[in-house]
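Heads up, the thing below is written out as structure tokens.
Below, read A as the first sequence line, B as the second, and so on, with proteins coming before strands; counting in each chain starts at 1.
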Protein chains: 2
Amino acid sequence: MTARTDRETKILDVAADMLVRHGYRRVTIDDVAGAAGIGKGTVYLHWKTREELFSAVFARAVRGAIADMVTALRADPAVALLHRFAAEFFLAILRRPLLYGMVIGDVQMWGKLVGSEAGYDGGRHNMVMASYVDVLAARGFVRTDLATPELTYAFQSVFEGFIYAERTVGSTGTRDERARLLSATVESAFSRPGTPDAALADEVAALLSGLV
Amino acid sequence: MTARTDRETKILDVAADMLVRHGYRRVTIDDVAGAAGIGKGTVYLHWKTREELFSAVFARAVRGAIADMVTALRADPAVALLHRFAAEFFLAILRRPLLYGMVIGDVQMWGKLVGSEAGYDGGRHNMVMASYVDVLAARGFVRTDLATPELTYAFQSVFEGFIYAERTVGSTGTRDERARLLSATVESAFSRPGTPDAALADEVAALLSGLV
DNA sequence: ACTTGACCAGATTTCGAACTTGGTCATACG
DNA sequence: CGTATGACCAAGTTCGAAATCTGGTCAAGT
């Protein structure tokens, strides 16, 4: 049954590509099927509706970014620190045109899926971030004079501020430099010095994996 | 000729009110004139076009926010500190539905004026912020391990991140609490301890006044 | 000298016809 | 017998012309 999975992957690849190139509105199921070299009906053997297909495209991009984060956490447990995490996540998002377009709220690219976020649960995202910050707080890796809900809110505001700033043309330096700037900002705003061990990194990775 | 100024104020009041209530698209010059108790042609004695009128409404809101900042700076020179400034400015914007709608990019409210920002020069805004941060840097009130352009970029990202976060429903606590949270974030991210004198506050006020 | 609203051109909205496309399913194929 | 397909249909979208509205003017009124 791997042929079926292969075909699914192929369809998602094609759909993602067309989505980036032409935007949500302009991509039809026929286009996708044609570009994948299969009949339209076949697409519906995998997803019940057009929206489900494109949601799947989005979900895969999210899984990809999370996989990147998990990899980074395994490679270097220090990525579990809030400021390192911020920089890695920032880059993991900007690396993916689909996610970038979603975060920026590119209506052209995502149509009505923006905001509804295509079945991807924004509430869950917030909860995971809150748990993550909780974990860091318990280990003393973040400032303790702010309650974790406030800390989480502030962190997310800062993070999204830097993401949104990407859409501004007059950005300073390179993307990597901006990631470092975000890191420096988050570090002095929220982090406390310390060196996480692999166990903590695993815990954070597990939390993230709960986002799939 | 104060009657003329009074009438101008009246028109701007009415226009601002209708703008908040009905949004850019739905407000006609006839509506505004009617609500102001004058003829349509009279409106054109004050502004050459519809766009100029609404730009004037926006410009007045900006001047109001800046006036608030100048007042706050005079009342307490410590507002010149980046984190105090951030909190005051945050509140000055959110206090004004027109500015809030503009910052949030409320297309419903502002129509095509969003982005073009109605003659209000976003580039100038950036320059003023950069000058302000320069002044703080020269006095040692902000961290010195970051160049001022980077510092400015980071500060603006953080600030806008908090503003954008306002549109999220699940905000923590009250608006004032969020202003304090922003302040705490900016303080530990960028500020260095110190007490500005009235001269510095005046200098900053002068910079801001250059934004009119 | 100042104000006004009738007026007009151009923009916007409306509305139905023409076309497009998501989703189904009878048929073809292996 | 199970899987894949594309012709088909209804729902949705686009298009265009007619109807309506509104920014801006200016001759007439105060």
Side-chain angles (χ1 to χ4, degrees), chain A residues 1-19 21-59 107-116 118-119, chain B residues 1-19 21-59 107-116 118-119:
Chain A
M1 192 38 66
T2 180
R4 194 180 177 81
T5 316
D6 284 351
R7 192 172 61 189
E8 196 161 306
T9 304
K10 171 81 176 180
I11 296 172
L12 289 175
D13 287 346
V14 165
D17 183 59
M18 301 191 89
L19 216 37
R21 283 229 293 273
H22 306 296
Y24 182 80
R25 276 165 32 99
R26 296 186 181 284
V27 180
T28 71
I29 299 286
D30 259 336
D31 289 340
V32 174
I38 58 175
K40 176 160 74 149
T42 308
V43 173
Y44 284 91
L45 298 177
H46 291 270
W47 299 275
K48 278 199 297 295
T49 67
R50 174 182 135 100
E51 194 168 320
E52 262 180 56
L53 164 61
F54 288 121
S55 292
V57 172
F58 173 63
V107 176
Q108 178 73 356
M109 181 182 293
W110 278 109
K112 53 185 70 165
L113 270 66
V114 172
S116 81
Chain B
M1 194 36 66
T2 179
R4 194 180 175 82
T5 318
D6 284 352
R7 192 172 63 189
E8 195 160 306
T9 305
K10 170 81 176 181
I11 297 172
L12 288 175
D13 287 346
V14 165
D17 183 59
M18 302 191 88
L19 215 37
R21 283 228 294 274
H22 306 295
Y24 181 82
R25 277 166 30 99
R26 295 186 182 286
V27 180
T28 70
I29 299 285
D30 259 335
D31 290 340
V32 173
I38 57 174
K40 175 160 74 148
T42 307
V43 172
Y44 284 91
L45 298 177
H46 292 269
W47 298 276
K48 278 199 298 294
T49 67
R50 174 181 135 100
E51 196 168 318
E52 262 181 55
L53 164 60
F54 288 121
S55 293
V57 172
F58 174 64
V107 176
Q108 177 73 357
M109 180 181 294
W110 278 108
K112 52 185 72 163
L113 269 66
V114 172
S116 84

Exercise. Does OP1 or OP2 of C/dT13 have a side-chain N or O of B/R25 closer than 4.0 Å?
Worked result: yes
Problem set entry | d(CZ, B/R7; C1', C/dT4) in whole Å | 11 Å
Exercise. Is any side-chain nitrogen or oxygen of B/T42 closer than 4.0 Å to OP1 or OP2 of C/dT3?
Worked result: no
Seminar exercise, completed: B/L45 CG to D/dG24 P, in whole Å, measures 14 Å
Exercise. At what distance, to the nearest 0.5 angstrom, does NZ of B/K10 lie from CD1 of B/I38?
Worked result: 9.5 Å
Exercise. Expressed in angstrom and rounded to an integer, what is the separation of B/H46 atom NE2 from C/dC2 atom C1'?
Worked result: 11 Å
Problem set entry | Distance (rounded to the nearest 0.5 Å) between B/R4 CZ and B/T42 OG1 | 9.5 Å
Problem set entry | Separation between CG of A/D31 and CE of A/M18, rounded to the nearest 0.5 Å | 4.5 Å
Exercise. Whole Å only: how far is the CG atom of B/D30 from the C1' atom of C/dG5?
Worked result: 9 Å
Exercise. Taking CH2 from A/W47 and P from D/dA4, how many angstroms apart are they, rounded to a whole number?
Worked result: 13 Å
Exercise. Quick one: CZ on B/F58 to CG on B/L19, what's the gap to the nearest 0.5 Å?
Worked result: 11.0 Å
Problem set entry | Approximate separation, where rounding is to 0.5 Å, of A/L12 CG and A/F54 CZ | 10.0 Å
For this session: Supply the atom-to-atom distance A/D17 CG to A/D13 CG, rounded to the nearest 0.5 angstrom.
Result: 8.5 Å
For this session: Return the value, rounded to whole Å, for the distance between atom CD1 of B/I29 and atom C1' of D/dC21.
Result: 14 Å
Exercise. What is the distance from CZ of A/F54 to C1' of C/dT21, rounded to the nearest Å?
Worked result: 12 Å
Exercise. What are the two closest heavy atoms between B/R50 and B/R25, and how far apart are they?
Worked result: NH2-CA, 4.3 Å
Exercise. Which of these nucleotides, D/dG24, D/dT22, C/dG22, is closest to any side-chain atom of B/T28?
Worked result: D/dT22
Give me, pair by pair, the N or O atoms of the protein and of nucleotides 25-30 of chain D that are less than 3.5 Å apart, along with how far apart they are.
none

Exercise. Given atom CD of B/E51 and atom P of C/dG10, what is their separation to the nearest angstrom?
Worked result: 19 Å
